[in-house]
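If you're wondering where the values come from, they're calculated on a predicted model, not measured in any experiment.
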Amino acid sequence: MKPATLRADVDVRTGGRFRISFTRDDGEYFEAGGIYREVMPNERLVFTWAWHSTPERESLVTITLKPDSAGTLMIFYHAQFFDETARDNHQRGWSSFFDKLEAFVA
């Protein structure tokens, strides 16, 4: 079973909010959301990230896009984790997401 986004509500502008919900490979359901802190089209996106179940554990994601000889270089940085376990779990989750994204765009 592939993870499925069940719903994605996004308002991509500085101060806008997003909320996504999805199921993991094992069928477990998740919701996450946050606020866009900085939106610079084709350059930079900064937003908060928190799971619906633990909104007090907000972290910060920064995505920077730069022209590259092969196309576009994306620099992804997720910081301000509650603890090392949260950091490690997010690293596994994002790595899986980016593997799937790479396969999709290939």
Asp68/Lys66 salt bridge by N-O under 4.0 Å criterion: no
Evaluation steps, side-chain contact (heavy atoms from CB on, under 4.5 Å), between Arg19 and Glu31: CA-CA 7 Å; Arg19 171 138 329 261; Glu31 283 186 49; 3.4 Å; yes
Between Asp11 and Phe18, is a side-chain contact (heavy atoms from CB on, under 4.5 Å) present by the stated rule, with each step listed? CA-CA 6 Å; Asp11 180 9; Phe18 74 93; over 6 Å; no
Would you indicate whether the side-chain heavy atoms of Asp88 and Arg92 approach each other to under 4.5 Å? yes
Considering residues, nucleotides and ligands other than Glu84, do more than 12 of their heavy atoms fall under 6.0 Å from its CD? no
Answer whether the closest heavy-atom distance between the side chains of Phe104 and Glu102 falls below 4.5 Å. no
Under a 4.5 Å cut-off applied to non-hydrogen side-chain atoms, are Trp51 and Glu58 in contact? no
Minimum heavy-atom separation for Gln80 and Leu60, please, with both atom names. OE1-CB, 3.6 Å
Minimum side-chain heavy-atom gap Leu45-Thr62 below 4.5 Å: no
Testing the basics here: between Ala8 and Ile20, what is the closest heavy-atom pair and its distance to 0.1 Å? CB-CG2, 4.0 Å
Is the ring pair Phe98/Phe76 parallel, tilted or perpendicular, if the boundaries are 30 and 60 degrees? perpendicular
Within the 3.5 Å criterion, strictly below it, is a donor on His78 or Trp94 matched to an acceptor on the partner's side chain? yes
Less than 4.5 Å apart, side chain to side chain, heavy atoms only: is that true for Val61 and Tyr77? no
Neighbour count above 12 (heavy atom, 6.0 Å) for Asn42 CG: no
I'd like to know if the side chain of Thr64 and the backbone of Arg44 have a donor-acceptor N/O pair within less than 3.5 Å. no
Using the benzene-type ring in the case of Trp, are the ring centres of Tyr29 and Phe22 under 6.0 Å apart? no
So Phe47 and Trp49, would you call those rings parallel, tilted or perpendicular, with 30° and 60° as cut-offs? tilted
So do the side chains of Met74 and Ile63 get within less than 4.5 Å of each other, counting heavy atoms only? yes
Whether over 12 other heavy atoms sit under 6.0 Å from Glu38 CD: yes
Examine Val10 and Leu101 and state if one hydrophobic cluster contains both, with Ile, Leu, Val, Met, Phe, Trp and Tyr joined whenever side-chain heavy atoms are less than 4.5 Å apart. yes
